[in-house]
Amino acid sequence: MDADFGAYVDGIAPDFRALFDRLHGIVLATTPDAELGMAYDMPTYRMGKRRLNLGVWKHGVSVYGWRRDNDGGFLDRHPDLLSSKTTLRIRPRDAAEISDDEFVDLLGGALEP
């Protein structure tokens, strides 16, 4: 983990740190070889040409770089989390209703070739 990545994580507000840590852990568990870095001032996970970003915003964690074609049906089950064409915004209360298996499909699917 590079210093900027670590500094970003260390600066996450307590209200959102558990959610970020949960999603971060799932990314690392599903793609342990992912390279960690920063892009667009957000934590970035890289596998080959694929990129996934997790960014904290004022109400939760946003996910960028996920794949509609490989999300395991996540968007079909949670369409209300889509805030733009390519951004999912997840609040802690939303995440409480979503299983780790669903997040595995979403996050792990983003970095598959």
Side-chain angles (χ1 to χ4, degrees):
M1 179 182 320
D2 75 11
D4 291 336
F5 191 108
Y8 183 99
V9 173
D10 289 343
I12 295 173
D15 291 346
F16 308 121
R17 181 65 189 264
L19 173 55
F20 180 89
D21 287 348
R22 179 180 174 200
L23 299 178
H24 172 72
I26 290 169
V27 172
L28 295 181
T30 59
T31 52
D33 296 331
E35 294 177 36
L36 307 180
M38 296 290 288
Y40 306 104
D41 296 321
M42 291 181 287
T44 302
Y45 307 83
R46 296 178 183 92
M47 287 291 296
K49 294 182 179 184
R50 300 276 181 205
R51 305 287 183 269
L52 177 71
N53 296 54
L54 298 179
V56 177
W57 59 292
K58 64 182 178 179
H59 298 292
V61 176
S62 292
V63 180
Y64 308 88
W66 58 281
R67 296 172 50 191
R68 285 180 189 250
D69 67 331
N70 200 24
D71 73 352
F74 187 92
L75 185 59
D76 291 337
R77 290 187 300 280
H78 306 284
D80 53 314
L81 300 182
L82 186 66
S83 71
S84 72
K85 278 179 137 179
T86 60
T87 305
L88 294 173
R89 287 192 166 176
I90 304 168
R91 293 175 171 89
R93 69 174 182 255
D94 301 321
E97 303 295 320
I98 300 171
S99 72
D100 283 355
D101 289 339
E102 287 188 274
F103 281 129
V104 165
D105 289 343
L106 171 71
L107 302 171
L111 295 173
E112 288 180 354

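- A distance-only check finds no donor-acceptor pair linking the side chain of T31 to the backbone of L28 [under 3.5 Å].
- Checked options V27, I98, T30, V63; the residue passing with F103 is I98 (criterion: side-chain contact (heavy atoms from CB on, under 4.5 Å)).
- Here the closest heavy-atom approach between residue S62 and residue R89 is recorded as OG-CG, 3.4 Å.
- Using a 4.5 Å heavy-atom threshold, the side chains of L88 and L75 count as touching.
- Nearest heavy atoms, P92 versus G60: CD-CA, 4.2 Å.
- A heavy-atom distance below 4.5 Å is not found between the side chains of F16 and K58.
- Taking the six-membered ring where tryptophan is involved, the planes of H78 and F74 are tilted, since the angle between them lies from 30° to 60°.
- Remark: the backbone N or O of M42 is paired with a side-chain donor or acceptor of T44 at under 3.5 angstrom.
- Without hydrogens or angle criteria, R93 side chain to I90 main chain gives no donor-acceptor distance under 3.5 Å.
- One N or O on the side chain of R67 and one on the backbone of E112 form a donor-acceptor pair closer than 3.5 Å.
- No donor-acceptor distance shorter than 3.5 angstrom exists from the side chain of R77 to the backbone of E102, with no hydrogens or angles considered.
- A pairwise comparison of heavy atoms in A39 and R46 identifies CB-NH2, 4.2 Å as the closest pair.
- Going from atom CG of L111 over to atom CG of N70 covers 10.0 Å, rounded to the nearest 0.5 Å.
- For the pair L82 and T87, the minimum side-chain heavy-atom distance is 4.5 Å or more.
- Across D41 and Y8, no two heavy atoms sit closer than the pair O-CE1, 3.3 Å.
- R17 is listed as a side-chain neighbour of V9, based on a closest heavy-atom distance under 4.5 Å.
- What you find for A95 and L19 is that their closest heavy atoms are CB-CD1, 3.4 Å.
- Using cut-offs of 30° and 60° on the angle between ring planes, the pair Y45 and H24 is tilted.
- Annotation for G65 and A110: closest pair O-CB, 3.7 Å, computed over non-hydrogen atoms.
- To the nearest 0.5 Å, atoms CZ (R22) and CG (L107) are separated by 9.5 Å.
- Residues Y64 and L52 fail the side-chain proximity criterion, which asks for heavy atoms closer than 4.5 Å.
- Using a 4.5 Å heavy-atom threshold, the side chains of D21 and I12 count as separate.
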